[in-house]
Amino acid sequence: SQYYALFYSFTAQTVEEPTKYRRQGEPNETIIEISPDEYEELTKESVIDCNSIKNISLNELVHKFENKFLVGCDDLSNELVKKIICGVHKSRHVSNKIKQLLK
């Protein structure tokens with residue numbers, strides 16, 4: 001069977017005006033603003049776009065970690081994880097199959 005990993009992108013490029021980052025017609029909950037106070041690995045205000053989830057094979061995930069293209073985020077707070085899951089479920093761009101994985 002095929003294995004997939006879901007991961008989220010953090011960006012600080014558009015935080016000055018997060019409304020520019022929001023996709024037209026998407027609920028506000030699909031873009032999560034996050035500060036270094038909430039996640040100490042960040043150096044400045046950032047956003048998580050819950051409309052953009054990547055599906056990659058387990059082999060590709062391992063390759064990306066080994067080559068340092070990805071960094072793990074295993075210390076996210078429960079509150080932040082709940083916000084991400086809520087944002088994914090509210091997105092019109094994420095398939096129901098992926099949403100079911102994030103119950």
Side-chain angles (χ1 to χ4, degrees):
S1 65
Q2 185 72 28
Y3 295 93
Y4 290 94
L6 306 175
F7 62 96
Y8 308 91
S9 298
F10 287 79
T11 184
Q13 295 175 359
T14 57
V15 148
E16 292 78 20
E17 292 187 56
T19 54
K20 281 186 174 179
Y21 199 77
R22 298 187 196 287
R23 292 186 182 192
Q24 189 171 5
E26 286 296 326
N28 288 340
E29 295 90 351
T30 64
I31 300 295
I32 300 167
E33 297 176 49
I34 181 172
S35 71
D37 292 338
E38 295 173 280
Y39 185 61
E40 63 186 42
E41 299 294 322
L42 298 175
T43 58
K44 57 184 171 178
E45 298 289 320
S46 301
V47 296
I48 301 171
D49 183 357
C50 296
N51 299 297
S52 297
I53 295 181
K54 310 280 188 222
N55 287 344
I56 62 174
S57 68
L58 184 57
N59 288 338
E60 186 178 353
L61 178 68
V62 170
H63 175 75
K64 287 181 180 287
F65 270 112
E66 288 176 347
N67 291 290
K68 308 218 186 284
F69 292 118
L70 293 176
V71 177
C73 298
D74 58 353
D75 56 349
L76 296 176
S77 70
N78 287 339
E79 182 180 333
L80 184 55
V81 171
K82 287 178 184 177
K83 285 181 184 179
I84 292 169
I85 292 170
C86 177
V88 168
H89 280 277
K90 290 190 178 228
S91 175
R92 295 180 190 120
H93 295 277
V94 177
S95 72
N96 286 333
K97 182 178 178 179
I98 292 175
K99 290 177 182 180
Q100 289 174 356
L101 294 172
L102 296 174
K103 290 185 177 181

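Only this structure's heavy atoms are used, side chains among them; waters, hydrogens and symmetry mates stay out.
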What heavy-atom pair brings Val94 and Asn51 nearest, and what distance separates the two atoms? CG2-O, 4.1 Å
Could you tell me whether the side chain of His89 and the main chain of Lys99 form a donor-acceptor pair under 3.5 Å? yes
Heavy-atom nearest pair, Leu42 first then Pro36, reads O-CB, 3.4 Å
Correct closest heavy-atom pair for Gly87 and Cys50 would be C-CB, 3.5 Å
My understanding is that only residues two or more places apart in sequence, or in another chain, count here; which of them pass salt bridge (charged side-chain N to carboxylate O under 4.0 Å, His left out) with Lys90? Glu29
With Val62 via side chain to side chain contact (heavy atoms under 4.5 Å, CB included) - residues at least two apart: Glu66
Point-to-point distance, once rounded to the nearest 0.5 Å, from OG of Ser46 to CD of Glu38: 10.0 Å
Gap separating the CD1 atom of Ile98 from the NE2 atom of His93, nearest 0.5 angstrom: 13.0 Å
The side chain to side chain donor-acceptor pair (under 3.5 Å) partners of Asn67 (sequence neighbours excluded) come to His63
Check for a donor-acceptor pair, side chain of Ser35 on one end and backbone N or O of Glu33 on the other, with a separation under 3.5 Å. no
Between CG of Asp49 and OG1 of Thr30, what distance do you get to the nearest 0.5 Å? 6.5 Å
Run the salt bridge (charged side-chain N to carboxylate O under 4.0 Å, His left out) test against Glu79 and tell me which residues pass, sequence neighbours left out. Lys83
Here the gap from Ile34 atom CD1 to Ile84 atom CD1, rounded to the nearest 0.5 Å, amounts to 7.0 Å
Value rounded to 0.5 Å, distance of CD in Glu45 from CG in Asp37: 7.5 Å
Evaluate the side-chain proximity of Ile32 to Leu80: yes if any heavy-atom separation is below 4.5 Å, no if none is. yes
